Amino acid sequence: MSDVEQTLSIIKPDAVERDLQNKIKDEFIKSGFTIIKEKKIHITKIEAEEFYKVHQTKPFYNDLCEYLSSGPIFVMILEKFNAILDNRELMGATDPKKADEGTIRKKYGVSIDKNSVHGSDSSENAKKEIQFFFKD
Ligand code: CMP
């Protein structure tokens, strides 16, 4: 059974660069999410490395951290019933080329790296990721 959950969402540099943040936020709101907290920030590479630590053994880790720290991002706490899975469904597959029609990554993603949005993949990671950006 689903429950009211919170998940961490990031609008990544490629989307902010194209001024897509309001369109993407509208997608969340239209899909029933409430934006509980949000802020626009520009993180350092060291902060990106800490955030994406789960991927540190992957070949794309360095590029991923360079990229997330390359420009401003929006970080948000999203809330709704079943937020974690529903957000992943709304975002679509990691690779925009493989994402279903109507998903955020299909509409706005450029490549597997520049895929416009990040969303927590589990309840445990949602808690960690929310805590990472919103410490209070
Ligand atoms: P995200 O959901 O933010 O989580 C990790 C990111 O790594 C992912 O989105 C992609 O943008 C990026 N990435 C780059 N290459 C790959 C890959 N081969 N497989 C998965 N993720 C990748």
Side-chain angles (χ1 to χ4, degrees):
M1 210 176 72
S2 62
D3 215 342
V4 174
E5 294 174 338
Q6 292 188 344
T7 191
L8 191 278
S9 171
I10 303 178
I11 303 178
K12 295 186 179 184
D14 67 275
V16 179
E17 193 176 80
R18 288 174 286 150
D19 209 20
L20 292 171
Q21 57 274 5
N22 290 335
K23 283 191 174 145
I24 293 176
K25 282 182 212 172
D26 281 351
E27 298 271 350
F28 294 132
I29 291 161
K30 264 195 316 192
S31 297
F33 290 89
T34 302
I35 301 173
I36 299 289
K37 284 187 184 175
E38 65 169 309
K39 57 185 179 183
K40 185 182 186 185
I41 53 176
H42 189 161
I43 61 171
T44 63
K45 187 169 179 208
I46 289 169
E47 288 169 322
E49 285 168 353
E50 181 63 26
F51 178 74
Y52 274 134
K53 212 161 58 182
V54 289
H55 295 299
Q56 65 188 338
T57 58
K58 311 269 173 60
F60 55 84
Y61 178 63
N62 186 58
D63 286 349
L64 174 63
C65 298
E66 286 277 358
Y67 168 62
L68 196 72
S69 57
S70 68
I73 57 175
F74 282 80
V75 290
M76 289 163 290
I77 301 175
L78 302 181
E79 185 176 276
K80 93 185 263 301
F81 282 96
N82 207 31
I84 296 161
L85 265 177
D86 285 1
N87 182 37
R88 292 183 70 75
E89 223 172 88
L90 178 61
M91 289 192 299
T94 307
D95 184 349
K97 287 201 292 286
K98 297 182 183 155
D100 288 341
E101 285 300 331
T103 62
I104 293 175
R105 284 168 170 162
K106 178 73 176 185
K107 285 185 191 168
Y108 303 116
V110 176
S111 64
I112 195 163
D113 305 295
K114 297 184 173 181
N115 62 356
S116 300
V117 281
H118 166 84
S120 310
D121 65 359
S122 64
S123 162
E124 194 191 339
N125 283 338
K127 287 188 183 72
K128 281 189 197 158
E129 292 180 357
I130 288 169
Q131 180 62 19
F132 184 87
F133 285 113
F134 298 95
K135 289 193 169 47
D136 38 45

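Every number for a ligand or one of its atoms is a count from 1 in the order of the listing. Keep in mind that what you see is a predicted model, and the values were worked out from it rather than measured. Throughout, residue positions are numbered sequentially from 1 according to the sequence presented.
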Row check, F51 ring normal vs K53 NZ/CZ: under 6.0 Å, within 45°: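 The answer is no, since K53 fails at least one limit relative to F51.
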Do the numbers put K39 on top of the ring of F134, so that NZ or CZ is under 6.0 Å from the six-membered ring centre and no more than 45° off the axis?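 Ring-cation test returns yes.
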Closest approach of any protein heavy atom to atom 17 (C) of ligand 1, naming residue and atom: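 Protein heavy atom at minimum distance: F60 CE2, 3.4 Å.
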In the protein, which heavy atom is nearest to atom 11 (O) of ligand 1, and how far is it?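 Here the closest protein heavy atom is I112 O, 2.6 Å.
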Backbone N/O of F28 and side chain of S31: donor-acceptor pair under 3.5 Å: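 Not a single qualifying donor-acceptor pair exists.
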Quick one: does any side-chain atom of S120 pair with a main-chain N or O of L8 as donor and acceptor, under 3.5 Å?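 Looks like yes, one N/O pair under 3.5 Å.
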Enumerated ligand 1 atoms positioned under 4.0 Å from heavy atoms of [X]:
X	value
T94	8 (C), 9 (O), 10 (C), 21 (N)
H55	4 (O), 5 (C)
K12	1 (P), 3 (O), 9 (O), 11 (O)
Y52	1 (P), 3 (O), 4 (O), 5 (C)

Any nitrogen or oxygen of L64, main chain or side chain, under 3.5 Å from a nitrogen or oxygen of ligand 1?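 Between L64 and ligand 1 (N or O atoms, distance only) the closest approach is not under 3.5 Å.
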N or O contact, R105 vs ligand 1, cut-off under 3.5 Å: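 By distance alone, the answer is yes.
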Within 6.0 Å of NZ in K58, more than 12 heavy atoms from elsewhere: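 Above 12, so yes.
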Heavy atoms from other residues, nucleotides or ligands near NZ of K114 exceed 12 (cutoff 6.0 Å):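 Result for NZ/K114: open.
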Within less than 4.0 angstrom of ligand 1, does K58 place any heavy atom?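 So K58 does not count as touching ligand 1.
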Any Y67 heavy atom less than 4.0 Å from ligand 1: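 Y67 does not count as a contact of ligand 1 under the 4.0 Å cut-off.
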Out of V54, D113, D95, who gets a non-hydrogen atom closest to atom 14 (C) of ligand 1?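 Going through V54, D113, D95 one by one, D113 has the nearest heavy atom to atom 14 (C) of ligand 1.
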Under the side chain to side chain contact (heavy atoms under 4.5 Å, CB included) rule, what do D26 and K23 come out as? Steps first, then yes or no, please. CA-CA 5 Å; D26 281 351; K23 283 191 174 145; 5.7 Å; no
Between N87 and E89, a side-chain donor and acceptor under 3.5 Å: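 No, because no side-chain N or O of N87 sits under 3.5 Å from a partner of the opposite role on E89.
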